[in-house]
Colleague: 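The structure's right below; bear with me while I get my questions together.
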Amino acid sequence: MKKIIVFTILAATATLLAQHPASPAHAGETDTVHSITLPEIPPTLKDGPGKDKVITLCAICHTPDYIPMQPRLPAKTWDAEVHKMIKAFGAPINEEDAKVIINYLTTEYGTGK
Amino acid sequence: MKRRTFSRRDFLKTASSLGLVTAFGGIPADLFAMEGRLVRFPEKTDLILLTSRPPQLETPKHFFKELITPNEALFVRWHNANIPTSVDLRTWRIKVGGNTDRSFELSMDDLKGLPKVTYTAVIQCAGNGRSLFEPRVAGGQWGNGAMGNVTWSGARLKDVLARAGVKGDSVEVAFNGLDSGVLPSVPDLVKALPVDKALEEDLIIAYEMNGKPLTMLNGFPARLVVPGWYASYWVKALSDITVLSKPLATFWMDPAYRIPANPCACIPPGTKPGKTVPINRMDTRSLIIEPSAGNTLPAGKEVIISGLAFSGGYGIRDVVVSVDGGKVWREAKLGKDLGKYSWIQWSLPWRPSKKGKYTLMARATDSIGESQPLDSLWNPAGYMRNNIEKVAVTVR
């Protein structure tokens, strides 16, 4: 009997939480662990030659959606962006792959310049 | 770092007297992001998705009709993708030390044991409005929704630093959080403030936003609040406070988050800056919230033009509004004053009699006379947008 009541309360709490995802259960009380689960949102890259390399190499540190978020950029800016990822952040990308990726970026997300 | 001693307004005065201010550029379609891709993250309501990993989420425009931004609506901006998703307050501590007499760890109970300070302050991303830069620049493509007005509560940073005993030769105080890069080669987001700034009265280690614990995505369990300064210094999920005897020179201090070292923090579009300084105090802004760009209004009927205005910690002295593209300006009525760090709402009734197209503009001035330039000022990182925005409406 007791068990059933506990379960009912738990279920009710779960439903309440599900209905109000914006109000965490007493987050910040000194004796609690506060946790969240991040949603996974698939990237939205355009199809084109080099996309496979972009999906593997440009998704290591962040979603590759950093790419479609940008305005259309000239080739030299995409080149600088890719080399910033390599030099400033240590992206493990060799020059050969970098060329393929820059070509993809300027074709699919470039200004044509 | 030196305080900027003259304002963009002063620059504008000089610039216009030199004939440097060019004619109006194109009017952007809307000052706020399209609500195209709404997503719901934990503890947040539907926000505009910029990126999911790390989360970068923008506040939809309708929340800017409110004086206080609700916790679930405040924008989210992380730099590195290893962000804290679970924090155990039994073990979480802020380590305080470095160039100090003592070093120690602070628990949440320790923080809550210090005098509690509460005030309302605008939090704004340095790149708020970046998507409106012309020519466009790379980076987070925010509309104007990377800002919010929140009532923060916490312990004074200076009380914590006093307990540590800052040594006389200290120059900066560095702040680190629980987030980190996915690869070890990615620089950790550590931000430093000049020591005299860090010791100012109003900086707090905030553990509440609008009377509730911080949401995880906004920096649970505690974040730095540097009222009046851009949010890049408001380090989330604080883990370390380190007093330094040498300036911090890691990636996120240099070359990131720097502005041209001149009064307008601007350079000719498309060029490269010479000397730069770390970004610091926010400039003065006003934004028209209603009506929206592209709205059609009925002729002869009164509408209320309304919006918000804020500055880098000096309150707002006045807001003037023009409905004719900047020829005639009328003073708007200011709303409830929640203090110098808060935004203030303003409104002006308008009864357009003639049909046609109108360009609405609003211009705020803070208590030390800093105002907004007519034209947008450009810098390569797309920081500090604060020109007088234009909202085009049609009267029928």
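So that the names make sense, note that chain A is the first sequence line, chain B the second, and so on, each numbered from 1.
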Colleague: Taking only heavy atoms into account, what residues of residues 43-55 of chain A are found under 4.5 Å from chain B?
Modeller: A:Thr44

Colleague: For chain A, find which of B:Thr85, B:Ile83, B:Thr91 contributes the most heavy-atom pairs closer than 4.5 angstrom.
Modeller: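 With the most close heavy-atom pairs to chain A, the winner is B:Thr85.
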
Colleague: CE/A:Met69 to CH2/B:Trp142 distance, rounded to the nearest 0.5 angstrom?
Modeller: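 One finds 8.0 Å between CE of A:Met69 and CH2 of B:Trp142.
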
Colleague: For B:Gln56, which atoms come within 4.5 Å of any heavy atom of chain A: side chain, backbone, both, or neither?
Modeller: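 Side chain only.
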
Colleague: If I measure from the heavy atoms of chain B, does A:Ile60 come under 4.5 Å with its side chain, its backbone, both, or neither?
Modeller: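 It is both, since atoms from each part get that close.
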
Colleague: Rounded to the nearest 0.5 Å, how far does CD1 of A:Ile41 lie from CZ of B:Phe41?
Modeller: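 Spacing of CZ (B:Phe41) from CD1 (A:Ile41) equals 4.0 Å.
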
Colleague: Measuring heavy-atom distances to chain A, does B:Val137 have an atom under 4.5 Å in its side chain, in its backbone, in both, or in neither?
Modeller: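 Interface part for B:Val137: backbone (N, CA, C, O).
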
Colleague: Between B:Pro187, B:Ala81, B:Pro221, B:Gly139, who has the most heavy-atom pairs with chain A when the cutoff is under 4.5 Å?
Modeller: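 Highest number of heavy-atom pairs under 4.5 Å: B:Gly139.
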
Colleague: Does any non-hydrogen side-chain atom of B:Glu43 lie less than 4.5 Å from one of A:His34?
Modeller: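 They are in side-chain contact.
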
Colleague: Atom CD1 of A:Ile67 and atom OG1 of B:Thr51: how far apart are they, to the nearest 0.5 Å?
Modeller: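 Here the rounded value is 12.0 Å.
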
Colleague: What residues of residues 91-113 of chain A make heavy-atom contacts with chain B at a cutoff under 4.5 angstrom?
Modeller: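 Listed by number, the contacting residues are A:Pro92.
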
Colleague: Check for a donor-acceptor pair, side chain of B:Ser185 on one end and backbone N or O of A:Phe89 on the other, with a separation under 3.5 Å.
Modeller: yes

Colleague: Among A:Gly90, A:Ala59, A:Cys61, A:Pro68, single out the residue with the greatest number of heavy-atom pairs under 4.5 Å to chain B.
Modeller: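 Top option by heavy-atom pairs under 4.5 Å: A:Cys61.
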
Colleague: When only pairs under 4.5 Å are counted, which of B:Arg136, B:Arg53, B:Met216 shares the most heavy-atom pairs with chain A?
Modeller: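 The answer is B:Arg53.
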
Colleague: Please look at A:Glu40 and chain B and tell me whether the side chain, the backbone, both or neither of the residue comes under 4.5 angstrom of a heavy atom of that chain.
Modeller: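 No part of A:Glu40 comes within 4.5 Å of chain B.
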
Colleague: Which bit of A:Lys87 comes within less than 4.5 Å of chain B, counting heavy atoms only: side chain, backbone, both or neither?
Modeller: neither

